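In what follows, a single structure is set out as structure tokens and then discussed.
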Protein chains: 2
Amino acid sequence: MNIAILGTGMVGQAFASRLQALGHTVTIGTRNVADTLAKTDNDGMGNPPFPVWHKSNNTVLLKTFAEAVSGAEAIFNCTKGDAVMKVLESIGTEPLSGKLFIDISNPLDFSNGFPPTLSVCNTSSLGEEIQKAYPALNVVKSMNTMTVGIMVNPALVQGNHTVFMSGNNAEAKAKTATFLQSFGWQERNIIDLGDITTARGTEMLLPVWVRLFAKLQTPMFNFHINIQQAV
Amino acid sequence: MNIAILGTGMVGQAFASRLQALGHTVTIGTRNVADTLAKTDNDGMGNPPFPVWHKSNNTVLLKTFAEAVSGAEAIFNCTKGDAVMKVLESIGTEPLSGKLFIDISNPLDFSNGFPPTLSVCNTSSLGEEIQKAYPALNVVKSMNTMTVGIMVNPALVQGNHTVFMSGNNAEAKAKTATFLQSFGWQERNIIDLGDITTARGTEMLLPVWVRLFAKLQTPMFNFHINIQQAV
């Protein structure tokens, strides 16, 4: 499948590697290709610049956001939460119409340091805001409740743990579930919460996630919804 | 131990029964004792009125909020989230000073129907608001992320699942952990998230909890933080 990934950071790189290894044709979208390829500094988290990763993953194409989306059957949104609206504006409404848009982003606001707050929550969510702005886009919020390594390789955490999906379009969620299973998610651990308004719930897991990260000193954990009633 | 329970509803009743069965002396606090004992209507959830429960639990004392707290070594707050501040005002600052206050409530706002929103979140929490208003009270937010049956009897859900604690006072959290263990919580499933500001995180689990309740058609599930990294 032709897949577009929006965002050149750690999350975009992890999805690109994983999806390419699964046999997909992957194009990463960025604002300015030349600028991204000229990067030499580590990112804010100390990760090496994009060209270092791209050297060992050079069959992954790098294009503008609009070019990456054109011809893609599915889009993985791996931008930061505060960047996604600008990125989508640069693509425009028409090229996004009818596309599957798997939204991994969270509306984290680090402007007051750690722990971050959410820039939207409670009565809306970033997933809903994207869906409202692009009604013909098939937004599925998923995988936003865990660290990226676990998203694409759930076996990093032993036993059962949960991945959620929120979205208005049943076919889009079915396709998302197929991607999830290809990453190693077992069907019983995939919970379809309902329409895109349920993204409020999963985005609002982030405040406890960041506190658990601080407490456990590792991002290698995940939420599990334990529904095993005693008999 | 002498224990005060604030609130005569299902949650208060469940804690009263459990704590009394564990050998504690339990006093339930209410606004007006005569009014509570005169109730004949089911509550909004269809549960029988307090006197029905009290008939088979008549060694549990019923007093005013202030009388219940006086002489209590620990207070379980089982009021609804929108009632707690008024209840504490009726008790006053001095009687609450130095007391352990285990806060189970959530700031759920049902004024726009289901699903509820939160009346405070993101930059504060009900736990924090209580702590701010009563600095000498030792507030520990705990057990607010599950249905009441599981709070007092975690064996209702098989396997591992998690209960959180948030609070500023280490001794108060240690006492809370002792109560949790007496209810059946295993030490490895009790997570001390840190100070009372971490209550934001656990209260913000409610939006996904209510969606899971709608999806699963049962409240008999719980969050588990799976930290078992693959080797």
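Just so you know, these numbers come straight off a predicted model, no measurement behind them. As a basis for the values below, the full set of heavy atoms in this structure was taken, side chains included, without hydrogen atoms, waters or symmetry mates. Naming convention: chains lettered A, B, ... in sequence-line order (proteins, then strands); numbering from 1 in each chain.
A distance of 5.5 Å separates CD1 of B/I191 from CG of A/L212, quoted to the nearest 0.5 Å.
Ranking A/V210, A/I227, A/L206 against chain B, the residue ahead of the rest is A/I227, based on heavy-atom pairs under 4.5 Å. With chain B as partner, the option from A/V208, A/L193, A/L156, A/I150 having the largest number of non-hydrogen pairs under 4.5 angstrom is A/V208.
Counting heavy-atom neighbours within 6.0 Å of A/M1 CE, excluding the residue itself, gives a total above 12. For B/M220, the CE atom is densely surrounded, since the number of other residues' heavy atoms within 6.0 Å is greater than 12.
Partners of B/F76 under the ring-ring contact (aromatic ring centres under 6.0 Å, His included) rule, at least two apart in sequence or in another chain, are B/F15, B/F179.
The two atoms that bring A/A230 and B/A155 nearest to each other are CB-O, 3.2 Å, heavy atoms only.
For B/L118, the parts lying under 4.5 angstrom from a heavy atom of chain A are both the backbone and the side chain.
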Atom pairs (donor, acceptor) spanning chain A and chain B, under 3.5 Å:
unit_1 : atom_1 : unit_2 : atom_2 : d
A/L118 : N      : B/N122 : OD1    : 2.8
A/L118 : O      : B/N122 : ND2    : 2.8
A/N122 : OD1    : B/L118 : N      : 2.8
A/N122 : ND2    : B/L118 : O      : 2.8
A/L156 : O      : B/A230 : N      : 2.8
A/Q158 : N      : B/Q228 : O      : 2.7
A/Q158 : O      : B/N226 : ND2    : 2.8
A/N160 : O      : B/N226 : ND2    : 3.0
A/D192 : O      : B/K215 : NZ     : 2.9
A/T197 : OG1    : B/R211 : NH1    : 3.4
A/T197 : OG1    : B/R211 : NH2    : 2.8
A/R211 : NH1    : B/T197 : OG1    : 3.4
A/R211 : NH2    : B/T197 : OG1    : 2.8
A/K215 : NZ     : B/D192 : O      : 2.9
A/N222 : N      : B/N226 : O      : 3.0
A/N222 : O      : B/N226 : N      : 2.8
A/H224 : N      : B/H224 : O      : 2.6
A/H224 : O      : B/H224 : N      : 2.6
A/N226 : N      : B/N222 : O      : 2.8
A/N226 : O      : B/N222 : N      : 3.0
A/N226 : ND2    : B/Q158 : O      : 2.8
A/N226 : ND2    : B/N160 : O      : 3.0
A/Q228 : O      : B/Q158 : N      : 2.6
A/A230 : N      : B/L156 : O      : 2.8

